[in-house]
A.B. asks: 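This is the structure I want to talk about, given as structure tokens.
Residue numbering restarts at 1 for every chain, and letters A, B, ... go by the order of the sequence lines. Just so we're clear, the structure is a prediction, and the values are computed from it rather than from any experiment.
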Number of protein chains: 2
Amino acid sequence: MEPSERADRPVGINDVAARAGVSAGTVSNVLNRPERVSEATRRRVERAIEELDYVRNSSGRNLRSGRSDSIGLVVLDVTNPFFTEVAQGVEDVAAEDGLAVVLLNSAERSDRQRRSARLLAEQRAAGAVVMPVDGDTADLLWLRKQGVSGVLLDRGDVGPEVACSVSVDNLAGGAAAARHLIGLGHERITFLSGPEGLEQCRTRLQGLREGLAEVGIDPEAAVRVVHTAQLNAESGEKAVEEVLAGGPGRRPTAVFCANDQLALGVLKGLGERGLSAPSDLSVVGYDDVAPASLVHPGLTTVAQPKYELGCAAMRLLLGELHDPDHTHERVRYTPELVVRGSTAVNRR
Amino acid sequence: MEPSERADRPVGINDVAARAGVSAGTVSNVLNRPERVSEATRRRVERAIEELDYVRNSSGRNLRSGRSDSIGLVVLDVTNPFFTEVAQGVEDVAAEDGLAVVLLNSAERSDRQRRSARLLAEQRAAGAVVMPVDGDTADLLWLRKQGVSGVLLDRGDVGPEVACSVSVDNLAGGAAAARHLIGLGHERITFLSGPEGLEQCRTRLQGLREGLAEVGIDPEAAVRVVHTAQLNAESGEKAVEEVLAGGPGRRPTAVFCANDQLALGVLKGLGERGLSAPSDLSVVGYDDVAPASLVHPGLTTVAQPKYELGCAAMRLLLGELHDPDHTHERVRYTPELVVRGSTAVNRR
DNA sequence: AGGCGGTATTGAAACGTGTCAATGGCGGTG
DNA sequence: CACCGCCATTGACACGTTTCAATACCGCCT
């Protein structure tokens, strides 16, 4: 009959109101507090919404409320399965509260982290979960000053007086790896670290050292540190040469990698040289990402509760959003060693 | 001196204007068309912005312009490295134009895909790149009707008269796998598929069959199909039993998996049974995700240009956004077989 | 001096929504 | 019958921007 789809001008709440023969305020009520509006008109409005297929404009809504209803998750590397599993946890919990999650990738670069923070501030995001590059929490603090509640996840540190945080005990993780390797008779261990200065790597290394010291082994003599440019498989592969070296008689019998990606790279590098774990070198990783259980031999690794990390972070954030006078919490998980085939007793 | 940080009310463009002694319009001009404003006042305004650390409110801006400046990327599974690599491509190209990318995860569920579409429509997103669940393009079409330009990526199909699309030739991919396996002397091949009815799997299978038929092998006799519940490693692992079975004398000498995740699962499952590729079974995957080159033996697989897919999709979208009367394009890539260690000549 | 052209700035009007005090209608009670 | 209270609905305003026609300013030419 009539040109039902006037694609010309987008349909707004007013068009719906006109069609239903009510005022705009009533339509808004139908949308946001349906209990306040009588059965009859509610139905009329709903029909009008259907017929015009009206979809509400969040710009208007957010402008009015001063807040958007999505939260930001700033992640260090979308291609690393560790982070995507964390993201799952965050998403699932956020969904319970009807919050949308926008995933921002800082790619380990602080300029991109800054851009992400700016974006979230401009959108007046409801909140943010941030895994900071290099433990640089400045952007998180800035966000909070802008009124965007932010929770710190996994890296970096701020006092519980400034924000909630959830993390995993890297010291314990390093120590667990140490105990495992000692139990297998390894006393020459290389720690394959990421870029220099990464607080996370440093702590895991320290855990390793403390674990050794605990049983009377001198960490200085037993462990050697090799740094890589990035925490990915390629770097691990390239580092194999250097890991295996170390002077005559100084070849390590085990390597503890700061990261599963590195460890997977090492495994590959070994294979390319006709060597393999655990017979030529025991290999321990960190994180327990999905591929760790897929390679052969399986990667022995310090497992982090990835999904739970995400859930916990989002829960803390929700807590802060709902409870106006809320006191910051600090959740701390303890990692757990998963033994697979890449480690074995030292036969040398 | 004065309480410089009145966290009370958020600072808006008007506060900046007041501080700089100009009108709001001028501030807006400084932000958006700096060339129209005189050197002197521009500097004054910029100083005011600094001093108040004003950050602009995108709700207001978007409300006015009727469009937001972020685009949505709807992805089937954030934990699958295939999709995250695609996401990288999309992000990188979007960044060139200053567009933000919000990553939505449909987790292969059509209700979540619908929610994502709704969200993007409500935000009046500048555009969307969609990888549809089950090839269900209804949401994409709905988005377009709502005025959100959408590009179809990798799955599903719509005529080029309704939207741009980028895809990879699955038929050619299947055929490439076929040729490779035939060349190695395999004539009993199992195709390990995903859930029934996935158009993508079907086409790859058909490619396999056509490749066989090409050299005079009867596909009906040579290939057997096994379905799994999901396209992930766990399903692949569980399917090993069924793959290996198939009646006496009917044990396949090779398996072609619809997906690298499945293939990696199969490799693992083989290992658990004391078997291994390629001696007991040649294994071919599809996608060439990062772990495929990390396992030992390396996974022979049909490589898709993941990053390029993302780039291409975003380029098409940008084209559509910039050029008002634009004609839809259809970009099609051809996959390339990557031979690694998981396949070898058939010795039976 | 008056007028002209150009540039820098202003003021007001939108954009689509949510809120809230005010209004209208209606049934019930004194 | 007048009054009250209740509920459903309305109307107007505010949110922070951008835009655009209108204005003010200034120097220059006639």
A.B. asks: For a quick test of reading the model: is some side-chain N or O of B:T26 closer than 4.0 Å to OP1 or OP2 of C:dT10?
C.D. replies: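 Yes, B:T26 has a side-chain N/O under 4.0 Å of OP1/OP2 on C:dT10.
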A.B. asks: Output the single nucleotide from D:dT10, D:dT19, D:dG16 whose closest atom is nearest the side chain of B:R33.
C.D. replies: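 Of all the options, the side chain of B:R33 is nearest to D:dT19.
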A.B. asks: Which sits closer to the 5' end of DNA chain D, A:V22 or B:V11, going by the nucleotide each is nearest to?
C.D. replies: A:V22
A.B. asks: Given atom CZ of B:R61 and atom C1' of C:dA14, what is their separation to the nearest angstrom?
C.D. replies: 17 Å
A.B. asks: Determine the contact category for B:S38: base if any of its heavy atoms lies under 4.0 Å from a base atom, sugar-phosphate if only primed atoms, P, OP1 or OP2 are that close, otherwise nothing.
C.D. replies: sugar-phosphate
A.B. asks: Considering only side-chain heavy atoms of A:S28, which listed nucleotide, D:dG16, C:dT19, D:dT18, is closest?
C.D. replies: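 For the A:S28 side chain, the nearest candidate turns out to be C:dT19.
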A.B. asks: Need one value for B:G25: base, sugar-phosphate or nothing, where a base atom within 4.0 Å counts as base even if backbone is also close, heavy atoms only.
C.D. replies: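 The answer is base, as B:G25 lies within the cut-off (heavy atoms under 4.0 Å) of a base atom.
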A.B. asks: Nearest whole angstrom, please: distance from the P of D:dG16 to the OH of B:Y54.
C.D. replies: 10 Å
A.B. asks: For a quick test of reading the model: is some side-chain N or O of B:N62 closer than 4.0 Å to OP1 or OP2 of C:dC15?
C.D. replies: no
A.B. asks: B:N14 CG to D:dC15 C1': how many Å, rounded?
C.D. replies: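 Going from B:N14 (CG) to D:dC15 (C1'), I get 11 Å.
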A.B. asks: Starting at CG of A:D154, measure out to CG of A:L76 and round the result to the nearest 0.5 Å.
C.D. replies: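 Taking CG in A:D154 and CG in A:L76, the distance rounds to 8.0 Å.
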A.B. asks: In whole angstrom, give the distance that lies between atom CG of B:L63 and atom C1' of C:dG18.
C.D. replies: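 In whole Å, C:dG18 C1' and B:L63 CG are 13 Å from each other.
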A.B. asks: Could you tell me whether B:S58 contacts a base, only the sugar-phosphate backbone, or nothing, with contacts defined as non-hydrogen atoms closer than 4.0 Å?
C.D. replies: nothing
A.B. asks: So which heavy atom on B:S106 is nearest to which on B:V74, and how close?
C.D. replies: CB-CG1, 4.1 Å
A.B. asks: On the nucleotide D:dT17, are OP1 or OP2 found under 4.0 Å from the side-chain N or O atoms that B:N57 carries?
C.D. replies: no
A.B. asks: Taking only side-chain N and O atoms of A:T41, does any of them lie within less than 4.0 angstrom of OP1 or OP2 on D:dT9?
C.D. replies: yes
A.B. asks: Under a 3.5 Å distance rule, please check whether A:Q113 uses its side chain to pair with a backbone N or O of A:V133 as donor and acceptor.
C.D. replies: yes
A.B. asks: Can you tell me the distance, in whole Å, between the CZ atom of B:R67 and the P atom of C:dG16?
C.D. replies: 12 Å
A.B. asks: Taking atom types as modelled, is there a side-chain donor on B:R124 or B:S68 under 3.5 Å from an acceptor on the other?
C.D. replies: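 Looking only at side-chain atoms, B:S68 and B:R124 do not form any donor-acceptor pair under 3.5 Å.
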A.B. asks: To the nearest Å, how far apart are B:I13 CD1 and C:dT10 P?
C.D. replies: 12 Å
A.B. asks: Measure CZ/A:R124 against P/D:dG16 and give the value in whole Å, please.
C.D. replies: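 Roughly 8 Å, once rounded to whole Å.
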A.B. asks: Students often get this wrong, so: under 4.0 angstrom with heavy atoms, is B:S59 touching a base, only sugar-phosphate, or nothing?
C.D. replies: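 Contact class for B:S59: none.
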A.B. asks: What is the separation between atom CD on B:E35 and atom P on C:dG6, rounded to the nearest whole Å?
C.D. replies: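 Interatomic distance, CD of B:E35 to P of C:dG6: 18 Å.
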A.B. asks: Tell me which of B:R42 and A:V55 sits closer to the 5' end of DNA chain C, going by the nucleotide each one is nearest to.
C.D. replies: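 With B:R42 and A:V55 compared, the 5'-side residue is B:R42.
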A.B. asks: A:R64 has a side chain; which of C:dT10, D:dA14, D:dT17 sits nearest to it?
C.D. replies: D:dA14
A.B. asks: Checking the side chain of B:S58 only, and the main-chain atoms of A:E122 only, is there a donor and an acceptor separated by less than 3.5 Å?
C.D. replies: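 Flag set: sc B:S58 to bb A:E122 pair under 3.5 Å.
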A.B. asks: Just by modelled atom types, is the A:V162 backbone N or O under 3.5 Å from a matching donor or acceptor in the A:R144 side chain?
C.D. replies: yes
A.B. asks: Which of the following nucleotides, C:dG18, D:dT10, C:dG16, is nearest to the side chain of A:N29?
C.D. replies: D:dT10
